[in-house]
Amino acid sequence: MNFENNLEFAKSLDAKDELKKFKNEFFNPAENLIYLDGNSLGKLPLRTKELLKKVIDEEWGSRLIRSWNENWLPRQKSVRERIAKIIGADLSEVNVCDSVSINLFKLSSAVLQLNSDCKEIITDSLNFPSDIYILESVINNFGNKHELRIIESKDEIQISSEEIINSCSKKTALVVLSHVVFKSAYKYDIPLITKELKKKGAYVIWDLSHSVGSVPIKLDEWNCDFAVGCTYKYLNGGPGSPAFLYVNKNLIKDLQNPIWGWFGADNPFNFDLSFTESSSIEKFNVGTQPIISLSALESSLQITIDAGMENIREKNILMTEYLIFLIKENLSEYHIEIGTPLNSKERGSHITLKHKEGYRICKALIESKGLKIIPDFRKPDNIRFGLNSLYNSFEEIFIAVKRIKEILDMNEFENFDLEFDAVT
Ligand SMILES: Cc1ncc(COP(=O)(O)O)c(C=O)c1O
């Protein structure tokens, strides 16, 4: 598309946007706030506000323990069904529980047990650090017999699929990669890597945290083995909402959860004194799930399903292309670099800008009087602008770039200190 560098053009894109009605599905805290951090924590859906009121007042307040059978167990199933739909899987292959880190621990331990002759684990330097810490802890738990190889990115933006494929050998037990990487938004080619690594006998666990809800995912069609992902970013599940895990139906019976808790048992309410593992995907449960957070997911996920993943992707490709166009048109003289692949097929739904004053620019965007724009910051110099097709508009993107230019023109970032907040 031929973009134009003016507000009228941004408005004309909004007028043609078939998803614009979904903006009204979300709580809008202030007129002068533009939220561009849905890649970290999605906005609050109004449906969720309503549902949580019911969960607190009626289900917990009035019905108390009876709600387990009446609402909470059925809701756990309906949340699993919705995730399954969004990631292209069968209900029998999806569990919703715990955090991404814990689910990765459970799955990677199970894979190392399954593939016990191979002693190499591969990940990359673009991966989310918690994934790497988890792999280190799994190796430690297995008696330090495995080698962790971290494939380095030369430009901190991407690594080719070929490099990952060529790095693996018959020694490789497990590969753990983020589908969309957290700093640069680079997107791996899951079908290609999955197909090639299967030939080498290595299992792959895909971390879908930054792709789920922003990129169509077809785990069954792509013949994937394992995946984990979070629900609080593009799926708008709320802070700390439960994560999910996926195991291909052909592998469930071969895997063992390393943490044996009562909700992973064959029949928790038999209260047997010795553990018998469930034969279904529910073997990956451990303890009682956070029902309030899990309930919030039911309504949030439905918005994504209603909007449709193909429509969501079509819009976020257009939004990221428009943002890149505006950056090139307006910010090229300010020593700013784009830290995201320029080819839309190779990226997710955030754009990263690199500038040596990135943190203070980010603070100026968030904290200045008047208009407030919320992106986030990842060390050393990355400002991430997450674009959510459900609630962001082209006008917001235009205004955000105009504001960055103003901050750089006036050196406004100099009014802010370099002290880092606990969460950036
Ligand atoms: C790609 C990725 N993986 C894993 C995690 C960790 O998730 P959790 O805190 O649910 O363990 C995050 C958190 O932001 C993430 O972005």
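Worth saying up front: this structure is predicted, and the values here are computed from it rather than measured. Counting convention: from 1, in listed order, for ligands and their atoms alike.
Of the protein's heavy atoms, Ser101 OG, 2.5 Å lies nearest to atom 11 (O) of ligand 1. Ranking protein heavy atoms by distance to atom 8 (P) of ligand 1, first place goes to Tyr232 OH, 3.4 Å.
For Glu277, the side chain to side chain contact (heavy atoms under 4.5 Å, CB included) partners at least two apart in sequence or on another chain are Gln256, Asn257, Phe275, Lys283.
Near Asp131, meaning under 4.0 Å from one of its heavy atoms, ligand 1 places the atoms 3 (N), 4 (C). Atom numbering of ligand 1 starts at 1 in the shown order; those under 4.0 Å from a heavy atom of Asp207 are 1 (C), 2 (C), 3 (N), 4 (C). Residue contact check: Lys233 has heavy atoms under 4.0 Å from atoms 13 (C), 14 (O), 16 (O) of ligand 1. Counting the atoms of ligand 1 from 1 in the order shown, those under 4.0 Å from a heavy atom of His210 are 1 (C), 16 (O).
Residue contacts with ligand 1 for Phe182 are absent, since no atom lies close enough (heavy atoms, distance under 4.0 Å).
Using a 3.5 Å distance cut-off with no hydrogens or angles, the side chains of Asn223 and Thr194 do not pair a donor with an acceptor.
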message = Between Tyr186 and Tyr188, is the ring pair (Phe, Tyr, Trp, His ring centres under 6.0 Å) condition met? List the steps.
response = CA-CA 7 Å; Tyr186 171 62; Tyr188 274 113; 5.0 Å; yes
task = Might you work through the ring pair (Phe, Tyr, Trp, His ring centres under 6.0 Å) test for Phe226 and Tyr203, ending with a clear yes or no?
result = CA-CA 8 Å; Phe226 307 105; Tyr203 290 106; 5.7 Å; yes
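When the options Val100, Leu208, Val180 are ranked by their closest heavy atom to atom 10 (O) of ligand 1, first place goes to Val100.
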